[in-house]
Student: 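Once you've had a glance at the structure underneath, I'll fire off some questions.
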Amino acid sequence: MKVLQVASSLLDWGGIERYVSYLDKGLTDRGHEVTVVCPPNSPLAERSSSQRQFRNKSQFSFRTYSQYLKIGRELQPDIAHIHFSPDFVMPAMALRKACAAKIIMTRHLVLPWSPAKVKRYIKLFDHIIPVSQAVEKKLADSGIPIEMMTVAKAGVPPPSVAGIPCLEPTLRVGSFGRLVEEKGVDVLLRAVASVPGVRAEIYGNGPAEDSLKSLANELEVSDRVTFHGFIPDIANAMNKVHLVCVPSVWDEAFPYSILEAMAMAKPVVASAVGGLPEVVQDQVTGRLFERGNDKQLAAILREMSGSLDNLVTMGEKGREVQQAEYTISRMAERIEAVYRSVLR
């Protein structure tokens with residue numbers, strides 16, 4: 001089938017951009033004709049083999065509407081798949097007029113919609129793909145009919161290097177992601193301060209970096225916490241830690257850092273928020289703790305520091321789950337099934 005991926009407002013290389021790129025590859029590998037609409041000089045433009053370059057600068061821009069009229073009339077896709085809220089309205093309206101494509105949306109956030117948005121999106125879209133059950137429930141609570149949604153979870157490519165156990169004698173905990181308040185890295189720092197010997201390896205940058213460094217000094221753990229900054233390939237860094245911690249204090253939908261950790265055979269310790277409990281199996285592939293509860297996290301780290309061999313077993317189980325369920329191929333298979341159902 002001919003699939004148009006609408007991503008003309010995606011400028012970075014975060015979770016949504018990776019979702020589009022991985023889906024592009026997965027669908028292409030399954031024999032579909034995929035075109036990605038993406039901004040010029042963007043990470044997606046660098047990674048998409050078949051593309052139309054256009055940047056949507058405004059959710060309600062007539063320029064965006066006219067551009068998608070042209071794209072829809074020229075390409076005549078069977079499916080138009082839209083991914084990010086600035087692209088939700090004008091591209092959908094234009095494509096509805098320009099061609100017979102079924103209009104699909106993926107929702108990547110665990111956030112409610114207003115009644116006005118619910119009314120608008122029910123008219124604009126044929127189907128919605130929530131990335132987790134947590135997202136689906138939030139949309140259902142907002143008023144989206146359950147029959148209009150199908151959860152189809154994401155996948156990740158194989159890591160650049162194979163995952164191997166960390167051989168350091170004391171527990172090393174890795175954190176990978178943007179340094180922003182909602183990621184809860186401060187919760188990890190407070191937990192580390194309560195467990196002597198445990199080290200935290202913090203990868204990423206962002207507006208909270210300076211305050212987190214100040215907190216590490218205040219907690220007197222700066223000798224056990226290292227801020228590495230942003231790195232483009234996290235695989236080698238993950239091999240230097242025993243486990244990956246995702247201490248988010250907001251409702252994460254379905255973060256790639258967990259799937260990447262599982263692919264590297266690293267157990268995951270995560271807060272039980274949003275879609276995280278759907279992928280982290282407590283006591284099997286990792287551990288879960290209450291949102292913002294640094295004392296509970298500290299207890300888990302203390303327990304894990306005394307049983308490093310058990311972490312290897314957890315990590316191997318996580319890798320088995322990832323390879324069975326969360327590959328690019330399985331992701332594309334799930335989403336292709338949604339497309340075919342909607343087309344029928």
Student: Specify the closest pair of heavy atoms between Ala134 and Val110, including all atoms of both residues, with the distance to one decimal.
Tutor: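 Taking every non-hydrogen atom into account, O-CG1, 3.9 Å.
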Student: Could you note down all residue pairs passing ring pair (Phe, Tyr, Trp, His ring centres under 6.0 Å) where residues 152-172 supplies at least one of them, sequence neighbours left out?
Tutor: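 Checked against ring pair (Phe, Tyr, Trp, His ring centres under 6.0 Å) - neighbours excluded - no pair reaches residues 152-172.
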Student: Are there more than 12 heavy atoms of other residues, nucleotides or ligands under 6.0 Å from atom CG of Asp309?
Tutor: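 No.
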Student: With heavy-atom distances below 4.5 Å as the criterion, would you say the side chains of Leu171 and Leu243 are in contact?
Tutor: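 SC-SC contact between Leu171 and Leu243 confirmed.
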Student: Report yes if the side chains of Leu124 and Ile103 come closer than 4.5 Å at any heavy-atom pair, otherwise no.
Tutor: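 No, every pair of side-chain atoms sits at 4.5 Å or beyond.
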Student: Is there a donor-acceptor contact under 3.5 Å from the side chain of Gln322 to the main chain of Met262?
Tutor: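 No, the answer is negative, given that no donor and acceptor are paired below the 3.5 Å cut-off.
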Student: The test is side chain to side chain contact (heavy atoms under 4.5 Å, CB included); show your working for Ile129 and Arg107 and say whether it passes.
Tutor: CA-CA 6 Å; Ile129 300 176; Arg107 180 61 168 167; over 6 Å; no
Student: Under the 3.5 angstrom rule, does the side chain of His127 hit a backbone N or O of Ile104 as a donor-acceptor pair?
Tutor: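 Checked: no pair found.
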Student: Which residues pass the side chain to side chain contact (heavy atoms under 4.5 Å, CB included) test with Asp29, not counting sequence neighbours?
Tutor: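 Partners of Asp29 under the side chain to side chain contact (heavy atoms under 4.5 Å, CB included) test: Lys25.
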Student: Identify, with sequence neighbours excluded, every residue that meets ring-ring contact (aromatic ring centres under 6.0 Å, His included) alongside Phe54.
Tutor: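 Here no residue qualifies.
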Student: Donor-acceptor check, side chain of Ser48 to backbone of Ala45, threshold 3.5 angstrom: yes or no?
Tutor: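 Not at all, since once roles are kept as given, no pair shorter than 3.5 Å links the two residues.
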Student: Quick one: ring pair (Phe, Tyr, Trp, His ring centres under 6.0 Å) pairs with a partner in residues 297-339, sequence neighbours left out?
Tutor: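 Of all non-adjacent pairs touching residues 297-339, those that pass ring pair (Phe, Tyr, Trp, His ring centres under 6.0 Å) are His81-Tyr339, Phe254-Tyr326.
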Student: For side chain to side chain contact (heavy atoms under 4.5 Å, CB included), just list the numbers for Ser194 and Arg302, CA-CA rounded to whole Å, side-chain angles, deciding distance to a tenth of an Å, and then say yes or no.
Tutor: CA-CA 9 Å; Ser194 301; Arg302 191 175 295 111; 4.2 Å; yes
Student: Between the side chain of Gln323 and the main-chain N/O of Glu320, is any donor-acceptor distance below 3.5 Å?
Tutor: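 Here the side-chain-to-backbone pair does not exist.
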Student: What is the distance from atom CD1 of Ile231 to atom CG of Asn236, rounded to the nearest 0.5 Å?
Tutor: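 The distance works out to 8.0 Å.
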Student: List the steps and the verdict of side chain to side chain contact (heavy atoms under 4.5 Å, CB included) for Val279 and Val268.
Tutor: CA-CA 10 Å; Val279 64; Val268 178; over 6 Å; no
Student: Do you see a donor-acceptor pair shorter than 3.5 Å between the side chains of Thr170 and Arg199?
Tutor: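 Result is no, nothing qualifies.
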Student: Please walk me through it: do Cys245 and Leu297 pass side chain to side chain contact (heavy atoms under 4.5 Å, CB included)?
Tutor: CA-CA 10 Å; Cys245 185; Leu297 175 56; 4.2 Å; yes
Student: Quick one: does Thr64's side chain get under 4.5 Å of Ser58's, heavy atoms only?
Tutor: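 Result no, sub-4.5 Å side-chain heavy-atom pair not found.
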Student: Which pair of heavy atoms, one from Gln76 and one from Cys99, lies closest together, and at what distance?
Tutor: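 In terms of heavy atoms, the two residues are closest at OE1-CB, 3.6 Å.
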Student: Are the side chains of Pro40 and Arg55 in contact, using a 4.5 Å heavy-atom criterion?
Tutor: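 Side-chain contact under 4.5 Å: yes.
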Student: Is any NZ, NE, NH1 or NH2 atom of the basic residue among Arg291 and Glu252 found under 4.0 Å from an Asp or Glu carboxylate oxygen of the other?
Tutor: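 Salt bridge flag = no for Glu252 with Arg291.
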Student: In Å and rounded to the nearest 0.5 Å, what is the CD1 to CD distance from Ile79 to Glu336?
Tutor: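 Result: 10.5 Å between the selected atoms.
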Student: I need the minimum non-hydrogen distance between Pro77 and Gly72, along with the two atoms involved.
Tutor: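 Heavy-atom minimum between the residues: CD-O, 3.9 Å.
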Student: Would a distance-only check, ignoring hydrogens and angles, find a side-chain to backbone donor-acceptor pair under 3.5 Å from Lys97 to Leu69?
Tutor: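 No, the answer is negative, given that no donor and acceptor are paired below the 3.5 Å cut-off.
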Student: Show the numbers, then the answer: is there a salt bridge (charged side-chain N to carboxylate O under 4.0 Å, His left out) between Asp78 and Arg340?
Tutor: CA-CA 10 Å; Asp78 302 300; Arg340 294 197 183 281; over 6 Å; no
Student: With a cutoff of under 4.5 Å between side-chain heavy atoms, which Ile, Leu, Val, Met, Phe, Trp and Tyr residues group with Leu109?
Tutor: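 Answer for Leu109: Leu111, Trp250.
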Student: Salt bridge (charged side-chain N to carboxylate O under 4.0 Å, His left out) for Glu325 and Arg334? Distances and angles first, verdict last.
Tutor: CA-CA 10 Å; Glu325 294 295 330; Arg334 287 188 281 264; 3.6 Å; yes
Student: On a heavy-atom basis, which atom in Ser49 and which in Asp24 lie closest, and how many Å separate them?
Tutor: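 Here Ser49 and Asp24 meet closest at N-OD2, 4.2 Å.
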Student: Under the ring pair (Phe, Tyr, Trp, His ring centres under 6.0 Å) definition, can you give me all pairs with a residue in residues 275-297, not counting sequence neighbours?
Tutor: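 Not a single pair qualifies under ring pair (Phe, Tyr, Trp, His ring centres under 6.0 Å).
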Student: Considering residues, nucleotides and ligands other than Glu147, do more than 12 of their heavy atoms fall under 6.0 Å from its CD?
Tutor: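 Yes.
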Student: Test your reading of the model: is there a side-chain donor-acceptor pair from Ser214 to the backbone of Asp210, 3.5 Å cut-off?
Tutor: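 Yes; judged by distance alone, with no hydrogens or angles, the pair exists.
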Student: Listing request: all ring pair (Phe, Tyr, Trp, His ring centres under 6.0 Å) pairs with a residue in residues 160-214, at least two apart in sequence or in separate chains.
Tutor: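 For residues 160-214, and leaving out neighbouring residues, the ring pair (Phe, Tyr, Trp, His ring centres under 6.0 Å) pairs sorted by first residue read Phe176-Tyr203, Tyr203-His228.
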Student: Does any N or O in the side chain of Glu136 come within less than 3.5 Å of the main-chain N or O of Pro130, such that one atom is a donor and the other an acceptor?
Tutor: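 No, the answer is negative, given that no donor and acceptor are paired below the 3.5 Å cut-off.
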Student: Roughly how far apart are Met93 CE and Tyr65 OH, rounded to 0.5 Å?
Tutor: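 Result: 6.0 Å between the selected atoms.
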Student: What salt bridge (charged side-chain N to carboxylate O under 4.0 Å, His left out) pairs are there with at least one residue in residues 32-54, not counting sequence neighbours?
Tutor: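 Sorted result for residues 32-54: Arg52-Glu74.
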Student: Quick one: are Val244 and Ile258 in side-chain contact, heavy atoms under 4.5 Å?
Tutor: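 Of all side-chain heavy-atom pairs linking Ile258 with Val244, none is under 4.5 Å.
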Student: In the structure I gave you, are the side-chain heavy atoms of Arg190 and Leu215 within less than 4.5 Å of one another anywhere?
Tutor: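 Answer yes - side chains close enough.
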Student: Which residues pass the ring-ring contact (aromatic ring centres under 6.0 Å, His included) test with Trp113, not counting sequence neighbours?
Tutor: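 For Trp113 the ring-ring contact (aromatic ring centres under 6.0 Å, His included) partners, ignoring immediate neighbours, are Tyr121.
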Student: Which residue pairs pass the side-chain hydrogen bond (donor to acceptor under 3.5 Å, both in side chains) test with at least one member in residues 271-283, sequence neighbours excluded?
Tutor: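 Residue pairs passing side-chain hydrogen bond (donor to acceptor under 3.5 Å, both in side chains), neighbours aside: Lys153-Glu278, Asp282-Arg287.
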Student: Looking only at non-hydrogen atoms, find the nearest pair between Ala235 and Val161 and report the distance.
Tutor: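 Closest heavy-atom pair between Ala235 and Val161: CB-CG2, 3.7 Å.
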Student: Quick one: CG on Asp126 to NZ on Lys102, what's the gap to the nearest 0.5 Å?
Tutor: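 The CG atom of Asp126 sits 5.0 Å away from the NZ atom of Lys102.
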Student: Are any of the side-chain heavy atoms of Lys266 and Asn239 separated by less than 4.5 Å?
Tutor: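 Yes. Closest side-chain heavy atoms under 4.5 Å.
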Student: Keeping Asp87 on the side-chain end and Ser9 on the backbone end, is there a donor-acceptor pair under 3.5 Å?
Tutor: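 It does hold such a pair.
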Student: Could you check whether atom NZ of Lys137 has more than 12 heavy atoms from other residues, nucleotides or ligands sitting under 6.0 Å from it?
Tutor: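 Incorrect, the count does not exceed 12.
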Student: So, using side-chain hydrogen bond (donor to acceptor under 3.5 Å, both in side chains) as the criterion, who are the partners of Glu181 when residues are at least two apart?
Tutor: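 Here no residue qualifies.
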Student: Which residues pass the ring-ring contact (aromatic ring centres under 6.0 Å, His included) test with His108, sequence neighbours left out?
Tutor: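 By the ring-ring contact (aromatic ring centres under 6.0 Å, His included) rule, His108 matches Tyr19.
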Student: Looking at Lys240 and Glu168, is any side-chain nitrogen of the basic one under 4.0 Å from a carboxylate oxygen of the acidic one?
Tutor: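 No salt bridge links Glu168 with Lys240.
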Student: Taking the side chain as everything from C-beta on, heavy atoms only, tell me whether Leu179 gets closer than 4.5 Å to Ser211.
Tutor: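 Of all side-chain heavy-atom pairs linking Ser211 with Leu179, none is under 4.5 Å.
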Student: Step through the shown structure and confirm whether more than 12 heavy atoms of other residues, nucleotides or ligands are within 6.0 Å of CG on Asp141.
Tutor: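 Counting neighbours around CG of Asp141, more than 12 heavy atoms of other residues, nucleotides or ligands fall under 6.0 Å, so yes.
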Student: Which heavy atom of Glu17 sits nearest a heavy atom of Leu11, and at what distance?
Tutor: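 Distance-wise, the nearest heavy atoms are OE2-N, 3.8 Å.
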